[in-house]
Amino acid sequence: MTRTHHLKPTFQLRLALHNDVVIGPGKADLLEMIDQTGSISAAGRALKMSYKKAWQLIETMNSYFPSPLVATHSGGNQRGGAQLTELGKQVLTHYRALESQLTIEQSDDAQALLSLLSPIGHHEDQA
């Protein structure tokens, strides 16, 4: 079961390896918000995610790549912050490009699969 609620059918891209999602929609959004805000804390707040959870996601991603995706700078409000590394920018760019290729509107197979769904979109157990 997905943790997000979708009013209409959608496809979500996830790269999974072993027991982890290396990158998926949530991790990509986190990278994007870090890039926009320059802060892990601010990115987490924008995504309604704790700082600890944001760090867990970053650590999972980092463990699968040869170098970190996010560079941090200590120093509190004055000089502290975070930014995507060059590798982080490449990962996010490739993920978003793949994501845009998987749109329902551009895929005959996606449209065919969705046409096979029941009109209601879900079934309740009938006892």
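These numbers were taken from a predicted model, which means no experiment stands behind them. The residues of the chain are indexed from 1 along the displayed sequence.
- Of all heavy-atom pairs spanning A82 and V70, the tightest one is CB-CG1, 3.9 Å.
- Side-chain atoms of T60 come within 3.5 Å of backbone atoms of Q56 as a donor-acceptor pair (strictly under, hydrogens ignored).
- Ion pairing between R96 and D29 holds under the 4.0 Å rule for side-chain N and carboxylate O.
- Taking CG from L17 and CD1 from I23, the interatomic distance works out to 13.5 Å, rounded to the nearest 0.5 Å.
- L31 is connected to W55 through a chain of hydrophobic side-chain contacts under 4.5 Å among Ile, Leu, Val, Met, Phe, Trp and Tyr, so both are in one cluster.
- Between L69 atom CG and D35 atom CG the span is 12.0 Å, to the nearest 0.5 Å.
- Remark: D20 CG to M61 CE distance equals 11.5 Å, nearest 0.5 Å.
- Summarising the geometry, atom CE belonging to M33 is positioned 9.5 Å from atom OG belonging to S39; distances are rounded to the nearest 0.5 Å.
- With contacts defined as side-chain heavy-atom distances shorter than 4.5 Å, the pair I40/I34 qualifies.
- Side chains of L15 and V21 form no contact here, defined as non-hydrogen atoms less than 4.5 Å apart.
- Listed by chain and number, the residues in a side-chain hydrogen bond (donor to acceptor under 3.5 Å, both in side chains) with N62 amount to none (sequence neighbours excluded).
- Residue A43 comes nearest to L30 through the heavy atom pair CB-CD1, 4.0 Å, listed as atom of the first residue, atom of the second, then distance.
- Q106 CD to Q111 CD: the interatomic distance, rounded to the nearest 0.5 Å, is 10.0 Å.
- A side-chain donor-acceptor contact under 3.5 Å links Y95 to the backbone of L13.
- Interatomic distance, CZ of R14 versus NZ of K27, reported as 9.0 Å (0.5 Å rounding).
- With hydrogens and angles ignored, the 3.5 Å screen pairs no side-chain donor or acceptor of E99 with any backbone N or O of Q12.
- The shortest side-chain heavy-atom distance between M49 and L57 falls under the 4.5 Å cut-off.
- When every heavy atom of P66 is checked against every heavy atom of L87, the shortest pair comes out as CD-CD2, 4.1 Å.
- Within the 4.5 Å cutoff, the side chain of L113 has heavy atoms near those of the F11 side chain.
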